[in-house]
Amino acid sequence: IEVLDLAIAKELSAPAMTAISTCLSIQDNNIAILTAENCQIMPEACKSLGIYLYSDNCFLSCLLLSDNPIKDEGLDYILKGLKHNPHSVIRALFLKSCVLGPESGVRLAHYLRMNEMKDPLLFLRMIDLRDNQIGNIGVEHLAEILMTNQLVIYLDISKNCISDKGLKALSKMMRSNQSIKVLYLHENNFGEEVTYLFASSILQNESDMLTNLKFGYANCTEGTLLYFICLLYTSPSPRDRQKSRMPSSA
């Protein structure tokens, strides 16, 4: 079995998760994808899941826990399990609508920093945090580590109570990050001035890696949106600018 789907359960209580985790921890398995979305998983149940993630028999590459009220406490149990597993190969972490606050952003940033010490093949590559409340504090910590982390390629922090302060941190990150290809920021609360700053930061990025950007907010005016689009689509890419600086052949 490579895919274990627990989503058919309407509720996974702490005792149920303990039984499942114990079974998986003591049995050799090849499970790569674990899905337990919308199962009413509470923080205490995540403690048992963390034990499995710590075990020598855990070789998960994708963990999908969206639509569960795991909260900051539950994510902490999960990340502790992953951090103490020397061969953890988690590449994708889906945590949409998990009632996560700023502390979860801080803890994820710390995990990414610890993750850098592992084999590059074991790095976390995809992070889905949509519809939570990590806010400016959480996104500032993530942006700081992503300035140098060059392996995360997908980041969804849409609908996360992020305002201008958080977007400024992301703008600084986007000037130097060389790995993110997909970035979703819609349904946050940004002002016009910082929106222009963000667009300019993307254009300053020499890697030209970003291919998919979803951006928008409640108070976004038509003029701001048009300016943002025109700025990105009419300005030369870093690759084009580099070509223009190359000497022409005789």
Side-chain angles (χ1 to χ4, degrees), residues 35 37-38 62-68 70 75 90-102 104-109 111-112 123-147 149-192 194-205 207-222 224-229 231-233 237:
T35 301
E37 298 181 308
N38 197 21
C62 184
L63 181 60
L64 299 92
L65 294 175
S66 294
D67 301 299
N68 288 295
I70 67 172
L75 181 60
I90 286 286
R91 308 292 296 278
L93 192 56
F94 290 83
L95 300 167
K96 175 181 75 72
S97 304
C98 285
V99 199
L100 304 177
S104 288
V106 176
R107 289 168 179 166
L108 267 171
Y111 174 73
L112 287 172
F123 282 170
L124 181 62
R125 306 296 301 275
M126 303 176 66
I127 305 172
D128 185 348
L129 294 171
R130 347 170 227 165
D131 194 19
N132 285 291
Q133 300 98 37
I134 66 169
N136 292 329
I137 294 176
V139 83
E140 283 175 329
H141 281 79
L142 285 172
E144 182 180 2
I145 185 63
L146 289 173
M147 288 178 66
N149 179 291
Q150 306 302 341
L151 285 158
V152 172
I153 61 172
Y154 178 103
L155 179 64
D156 188 343
I157 47 176
S158 56
K159 202 175 181 181
N160 258 282
C161 305
I162 305 168
S163 61
D164 288 1
K165 189 176 181 182
L167 189 58
K168 286 181 180 178
L170 290 170
S171 298
K172 185 177 181 181
M173 179 269 288
M174 285 306 301
R175 286 197 291 269
S176 60
N177 180 275
Q178 298 179 23
S179 63
I180 292 180
K181 296 181 179 180
V182 179
L183 180 61
Y184 293 154
L185 296 172
H186 54 290
E187 294 189 74
N188 285 297
N189 188 25
F190 308 132
E192 291 189 8
V194 73
T195 297
Y196 302 152
L197 174 66
F198 179 70
S200 299
S201 297
I202 294 175
L203 295 174
Q204 293 172 32
N205 189 304
S207 69
D208 201 22
M209 290 294 293
L210 188 65
T211 60
N212 194 332
L213 172 66
K214 195 168 184 179
F215 188 89
Y217 51 93
N219 299 322
C220 183
T221 65
E222 183 178 303
T224 302
L225 186 59
L226 287 173
Y227 175 86
F228 188 88
I229 294 172
L231 183 62
L232 292 179
Y233 280 88
S237 69

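Sequential numbering from 1 along the given sequence is applied to the chain's residues.
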Novice: Report the C-alpha separation of Leu142 and Ile134 in whole Å, then their side-chain angles, then the decisive distance to 0.1 Å, and conclude whether the side chain to side chain contact (heavy atoms under 4.5 Å, CB included) test is met.
Specialist: CA-CA 10 Å; Leu142 285 172; Ile134 66 169; 4.1 Å; yes
Novice: What distance do Asn149 atom CG and Arg125 atom CZ have between them, rounded to the nearest 0.5 Å?
Specialist: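 Spacing of CG (Asn149) from CZ (Arg125) equals 9.0 Å.
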Novice: State, to 0.1 Å, how close Ser66 and Cys98 come at their nearest heavy-atom pair, and which atoms those are.
Specialist: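 Looks like CA-SG, 4.0 Å.
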Novice: If every non-hydrogen atom of Asn188 is compared with every non-hydrogen atom of Ile162, which pair is closest and at what distance?
Specialist: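 Heavy atoms only, the tightest pair is OD1-N, 3.1 Å.
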Novice: Looking at side-chain heavy atoms only, is the closest gap between Val152 and Leu112 below 4.5 Å?
Specialist: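 Contact flag for Val152/Leu112 side chains = yes.
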Novice: Is Leu167 close to Leu185 at the side-chain level, that is, under 4.5 Å between some pair of heavy atoms?
Specialist: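 Counting from C-beta outward, Leu185 and Leu167 do come under 4.5 Å.
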Novice: Just verifying a value: how many Å separate Ile127 CD1 and Ile157 CD1, rounded to the nearest 0.5 Å?
Specialist: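 Rounded to the nearest 0.5 Å, the CD1-CD1 separation comes out at 9.5 Å.
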Novice: For Leu183 and Met174, which heavy atoms make the closest approach, and how far apart are they?
Specialist: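 The answer is CD2-SD, 4.0 Å.
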Novice: Can any side-chain N or O of Asp164 pair as donor or acceptor with the backbone N or O of Val194 at less than 3.5 Å?
Specialist: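 Checked: no pair found.
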Novice: Quiz question: by atom type and distance under 3.5 Å, do the side chains of Ser163 and Asn136 form a donor-acceptor pair?
Specialist: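 Yes, a side-chain donor-acceptor pair sits under 3.5 Å.
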Novice: Measure the spacing between NZ of Lys172 and CG of Leu197 and express it to the nearest 0.5 Å.
Specialist: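 Atom-to-atom, Lys172:NZ and Leu197:CG are 11.5 Å apart.
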Novice: Do Asn160 and Leu100 pass the side chain to side chain contact (heavy atoms under 4.5 Å, CB included) test, and can you show the C-alpha distance, the side-chain angles, and the key distance before you say yes or no?
Specialist: CA-CA 9 Å; Asn160 258 282; Leu100 304 177; over 6 Å; no
Novice: Any side-chain heavy atom of Leu65 sitting closer than 4.5 Å to one from Phe94?
Specialist: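 No, every pair of side-chain atoms sits at 4.5 Å or beyond.
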Novice: How are the rings of Tyr184 and Tyr154 set relative to one another: parallel (under 30°), tilted (30 to 60°) or perpendicular (over 60°)?
Specialist: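 Taking Tyr154 first and then Tyr184, their aromatic rings stand perpendicular (interplane angle over 60°).
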Novice: Grab the two heavy atoms, one from Met209 and one from Gln178, that are nearest each other, plus how far apart they are.
Specialist: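 Of all heavy-atom pairs spanning Met209 and Gln178, the closest is CG-O, 3.4 Å.
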Novice: Evaluate the side-chain proximity of Leu108 to Leu129: yes if any heavy-atom separation is below 4.5 Å, no if none is.
Specialist: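 Yes. Closest side-chain heavy atoms under 4.5 Å.
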Novice: Nearest 0.5 Å, please: how far is CG in Leu95 from CG in Asp156?
Specialist: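 These two atoms lie 11.0 Å from each other.
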Novice: Kindly give the heavy-atom pair with the smallest separation between Gln133 and Pro102, and that separation in Å.
Specialist: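 The pair with the smallest heavy-atom distance is O-CD, 3.3 Å.
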Novice: Give, for atom NZ of Lys159 and atom OG of Ser97, the distance between the pair rounded to the nearest 0.5 Å.
Specialist: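 The OG atom of Ser97 is 7.0 Å from NZ of Lys159, to the nearest 0.5 Å.
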Novice: Could you check Leu213 against Val182 for side chain to side chain contact (heavy atoms under 4.5 Å, CB included), going step by step and ending with a plain yes or no?
Specialist: CA-CA 6 Å; Leu213 172 66; Val182 179; over 6 Å; no
Novice: Run the numbers on Phe215 and Phe190 for ring pair (Phe, Tyr, Trp, His ring centres under 6.0 Å), then give the verdict.
Specialist: CA-CA 10 Å; Phe215 188 89; Phe190 308 132; 5.4 Å; yes
Novice: What distance separates Met147 CE from Asn177 CG, expressed to the nearest 0.5 Å?
Specialist: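 Separation between the atoms: 9.5 Å.
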Novice: Would Lys96 and Asp67 count as a side chain to side chain contact (heavy atoms under 4.5 Å, CB included) here? Give the steps.
Specialist: CA-CA 6 Å; Lys96 175 181 75 72; Asp67 301 299; 2.9 Å; yes
Novice: Can you see which heavy atom on Ser201 is nearest to which on Arg175, and at what distance?
Specialist: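 Between these two residues, the closest heavy atoms are OG-NH1, 3.3 Å.
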Novice: Counting N and O atoms only, with roles assigned by atom type, does the side chain of Asn68 sit under 3.5 Å from a partner on the main chain of Ile70, one being a donor and the other an acceptor?
Specialist: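 Between the backbone of Ile70 and the side chain of Asn68 there is no qualifying donor-acceptor contact (under 3.5 Å).
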Novice: Does Glu144 have more than 12 heavy atoms from other residues, nucleotides or ligands lying within 6.0 Å of its CD?
Specialist: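 Atom CD in Glu144 is not crowded, with 12 or fewer foreign heavy atoms closer than 6.0 Å.
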Novice: Is a side-chain donor or acceptor of Ser179 paired with a backbone partner of Ile153 at a separation under 3.5 angstrom?
Specialist: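 Looks like no, no N/O pair under 3.5 Å.
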Novice: Determine whether the side chains of Ser158 and Arg130 contain a donor N or O and an acceptor N or O closer than 3.5 Å.
Specialist: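 The answer is no; no qualifying pair exists.
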